[in-house]
Asks: 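Supplied in structure tokens, the structure appears directly below.
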Amino acid sequence: MSGLLEAKGLVKRFGGLSAVDDVSFSTGEREILGVIGPNGAGKSTLFNLITGTIPITAGTVHFDGKDITGLKPEQVANLGIVRTFQAATVFTEKTVQENIRIGYQFNQLGRPTSLFNRRRVKEFRRKAESLVTEVLDFVQLTSYRDRAAGELSYGRQKVLGVAMALAAGPRQLLMDEPAAGLNAVETERMGQLIKLIRDVKGIDVVLVEHDMAMVTSVCDRILVIDRGRLIAEGSPEEIQQNPDVIEAYLGVDLELD
Amino acid sequence: MTMRSVLLALGFVAIVVWPFLVDNTFYTHIGVSVWMFTILALSMNLMLRMGQLSLAHGAIMGLGAYTAALLMLRLDVPFLPAFICSGLVGALVAAITGPVMLRVKGVYFVLLTFAFGEIIVLMFIDWVSLFGGHNGIFGVPRAELFGFVLRDRSYSYLFALGLAALAYLILRWIYSTETGAVIDALHDDEDLARSLGVNALGYRIGIFIVSGFMAGIAGGFYASYFTFVTPESFTFWTAVDALVMNILGGIALPLGAVIGAVMLVPLPELLRDSQEYQILFYGLILIFFLKFLPDGVVGVIKSLSTDSSRSLGKRFMKILAWRQVK
Amino acid sequence: MLQLTIQIAVNGLTFGLIYILMALGFTLIFGIMRVVNFAHGEFYMVGAIGILLLFGTLGFNYYLSIVFAVLCVGLLGVIVERVLLRGFVGRELNSMIMALAVAITLQALAAILFGPQEQSVARPVTGVLQVAGVFIPRDRIVVGVIALAVLIAFYLFLRYARYGLAMRAVAQDPAAAALQGIRPGFIYSLAFGVGSLLAGLAGALMAPVYTISPFMGDVPMMMAFIVVILGGLGSIPGAVVGGLLLGFVESLFSTFFGSTIATMIAFGMVVLILLFKPSGLMGRAQ
């Protein structure tokens, strides 16, 4: 079954440099799609193009059959594509539960005019409490509920970042290097969390990642990008044996295991 | 009732009734100025909380003042509608300029609002037939509420206090609702907020409109209280005053803006005869706060209230230690 | 008509050179420290007061007074940077507010020490040069020539001197510059010192032309600010282009419409630039 997200011929040029050069792909339903490539290959730029953070030079993005090319980040989010960031991005001075509530609020009441819709605000307030509890439980941060987010370890802050994205109610989750900065144990847990998101929540996931072990163990399908171009696509096993991929990674300090 | 609430109630009563007991027009005048500038400082607090310092707020207050003055003098509009119009003009300016200006961030926004504000002030100066040039407009009627003219300063004091209290409560309310969470998020990490679905520009415009309304209201009050308006009162230095009030009091709470106004506004009035020393004191106190107490009085109170130790020495050490952390 | 055009151009050039002098320091400080120096006009004022003191009161030679006053302003700049601004480098809003506080304090100190009234010094150079029906006051020529010489010296300094090159390196990429062994702290002091020195020079040059008062720095600061936004915040060539542009625009519009309208037009250009090309006419895209 085909998924929700479809990119066609995406191009991004900075000056004369092509950061993303004619990349097309589509997601599958209930699929965890991995995007890998050497540093500076254009992986993060790809996310920024899909979410409208930076303008697209050429190409189109469709979501659930709808053309979302050129929409603003908040519009993309309101349609159900929510992203997480490479760094741990949480509101450090708010508590853990406030952060999650914010994730829910920002998508429910994203437009300032929605505040005048009393019914909608009331519904948000009524549902917020139970949603926060549920998400906290899902990502296993319940015991940190009232701690300031800034006090959490880096690994837990990244998990909280994912929790905020989940609270926003995505249909498609884009994760930018979820394992970056995490130790082996935390990476393992993050991998399990991503699988749970797909299996239990039924949310499609695209993740950009550096950690090959994680990508091969978590993803159903992998895209390989090098110098802005899509050079290979396939299952983790196929990718590991692909000569182009091995060549692209030669000289780059990454292990294929 | 706890001790605390009794004290608060007594304090509030004292703030309301002292002009009637003291009966000193000069002190009452200072009181009126304090609450008038509290409104402007609170309006600035909204901007600072979302991370956009506007140096045009003096000029927006000026637009409010000239609006009220011109409506009452030229068109014989009664006070109350003219007064409300001064707020609406402030809001309107924000609504028109916000969609373009608020796309600009950081120091560029500060400089943009600085230039924009100065253009408005130059307009007051140059458009003599409408705004009266450097001389401004004199003979603005006093405030009149429901047939009762506020000739006595003590009543002007109550009116100003009421407006400031209303503005304060509105800010408290805004910060306590969902909008408050958005404002903080826009300040801390706009990219994250947008990626979760917040229409950042829309919220910024909304906040700017509310803030502009308050600045306009402060101007409307100014016109009817002083009974004259001149361009010099609304340059970017007025916006700087409002900024400094927030810094001294502390930006984190609306109470900070109030404390800052109480600290700063009486200064020029009390040191009227030695203007140079007054400015010097102003500059030095600002440097001191920026360097040593960047979170203002509110920051100090917060750090003290979380401290269980009672001895003064320990409290002082706490302030020092807290400063190190910053 | 031709005569009027030339007169406007000459006036524009003499205004423009002083604006450039003010704007260069302003843009240098922003380019290197990311500090919007709201105290820039006060260094101009201190330079002028130096002339008032040395040349006016003590009766030293005018040119010697300029050198001494300007060096003092540079030193004052270094002290202000070390003591007050250093901790705020990189935090644009806070450093800007700190600069505002410095401006207020310097104004007050000047008012206390020298009185708030306007004072003036005798003009060391007088008379008007008349070339083909165009009037140029001789003192303006002196100002123009000195300003031009300093601008060229400054250009050569940035272009060839070791510390000039280091400054440009820090402006472009502080992290990379640090890797090459350039101490940013020293460069900050140098930049702020040189920046205030240039402002002080502008003040010293203009002291005999205008009246001297503690608040005389407000207008030149505003001009520096306009110039720098027009040319691009942090761009040195931008300051030159912006300075000349503002000089000519001001000369043109004040001839026909009066100075208030001229200033309004200048601020209008600032608003348009900030809205549509915040990096300025000559600035690098961000």
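To find a chain, count down the sequence lines: A is the first, B the second, and so on, and within it residues start at 1.
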Asks: Measure across C:Ala108 and B:Glu276 and return the closest heavy-atom pair with its distance rounded to 0.1 Å.
Replies: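 Reported closest heavy-atom pair: CB-O, 3.5 Å.
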
Asks: Counting only non-hydrogen atoms closer than 4.5 Å, does B:Val240 touch chain C with its backbone (N, CA, C, O), its side chain (CB onward), both, or neither?
Replies: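 Only the side chain of B:Val240 comes within 4.5 Å of chain C.
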
Asks: Does any heavy atom of chain C fall under 4.5 Å from the side chain of B:Ile285, the backbone, both, or neither of them?
Replies: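 For B:Ile285, no heavy atom lies under 4.5 Å from chain C.
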
Asks: Tell me, side chain or backbone of C:Val271 under 4.5 Å from chain B's heavy atoms, or both, or neither?
Replies: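 Backbone plus side chain of C:Val271, per the 4.5 Å heavy-atom cut-off to chain B.
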
Asks: Are C:Phe88 and B:Leu290 side-chain neighbours, meaning at least one heavy-atom pair lies under 4.5 Å?
Replies: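 A side-chain contact exists here, since the closest heavy-atom pair is under 4.5 Å.
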
Asks: Under 4.5 Å from any heavy atom of chain B, what part of C:Phe38 do you find: side chain, backbone, both or neither?
Replies: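 Side chain only.
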
Asks: So do B:Leu122 and C:Ile261 actually touch side chain to side chain, heavy atoms under 4.5 Å?
Replies: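 They are not in side-chain contact.
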
Asks: Checking heavy atoms, do the side chain of B:Leu55, its backbone, both or neither come under 4.5 Å from chain C?
Replies: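 Only the side chain of B:Leu55 comes within 4.5 Å of chain C.
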
Asks: Between C:Ile229 and chain B, with a heavy-atom cut-off of 4.5 Å, which part of the residue counts as in contact: side chain, backbone, both or neither?
Replies: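 When you check distances to chain B, only side chain atoms of C:Ile229 fall under 4.5 Å.
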
Asks: For B:Val110, is it the side chain, the backbone, both, or neither that has a heavy atom closer than 4.5 Å to a heavy atom of chain C?
Replies: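 For B:Val110, the side chain is the part near chain C, not the backbone.
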
Asks: Ignoring hydrogens, what is the shortest heavy-atom contact between C:Leu274 and B:Val104? Give both atom names and the distance.
Replies: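 Of all heavy-atom pairs spanning C:Leu274 and B:Val104, the closest is O-CG2, 3.8 Å.
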
Asks: Sorted by first residue and then second, give each side-chain hydrogen bond (donor to acceptor under 3.5 Å, both in side chains) pair with at least one member in residues 232-250 of chain B; sequence neighbours left out.
Replies: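 Listed by first then second residue: B:Asn45-B:Asn246, B:His134-B:Glu232, B:Tyr222-B:Ser233, B:Thr230-B:Ser233, B:Asp241-B:Tyr282.
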
Asks: Between B:Phe116 and C:Phe267, does a ring-ring contact (aromatic ring centres under 6.0 Å, His included) hold up when you go through it step by step?
Replies: CA-CA 7 Å; B:Phe116 176 66; C:Phe267 275 123; over 10 Å; no

Asks: Let me know if C:Val35 has heavy atoms under 4.5 Å from chain B in its side chain, its backbone, both or neither.
Replies: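 Neither part.
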
Asks: Can you confirm whether C:Val270 sits close enough to B:Phe114 that some side-chain heavy atom of one is under 4.5 Å from a side-chain heavy atom of the other?
Replies: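 Result no, sub-4.5 Å side-chain heavy-atom pair not found.
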
Asks: Side-chain contact test, heavy atoms from C-beta onward, threshold under 4.5 Å: evaluate it for C:Met98 versus B:Lys291 and give yes or no.
Replies: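 SC-SC contact between C:Met98 and B:Lys291 confirmed.
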
Asks: So for B:Phe236, is it side chain, backbone, both, or neither that comes closer than 4.5 Å to the heavy atoms of chain C?
Replies: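 Only the side chain of B:Phe236 comes within 4.5 Å of chain C.
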
Asks: Is there a side-chain contact between C:Met96 and B:Leu53 in this structure, where contact means two heavy atoms from C-beta onward sitting under 4.5 Å apart?
Replies: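 With C-beta onward as the side chain, the pair touches.
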
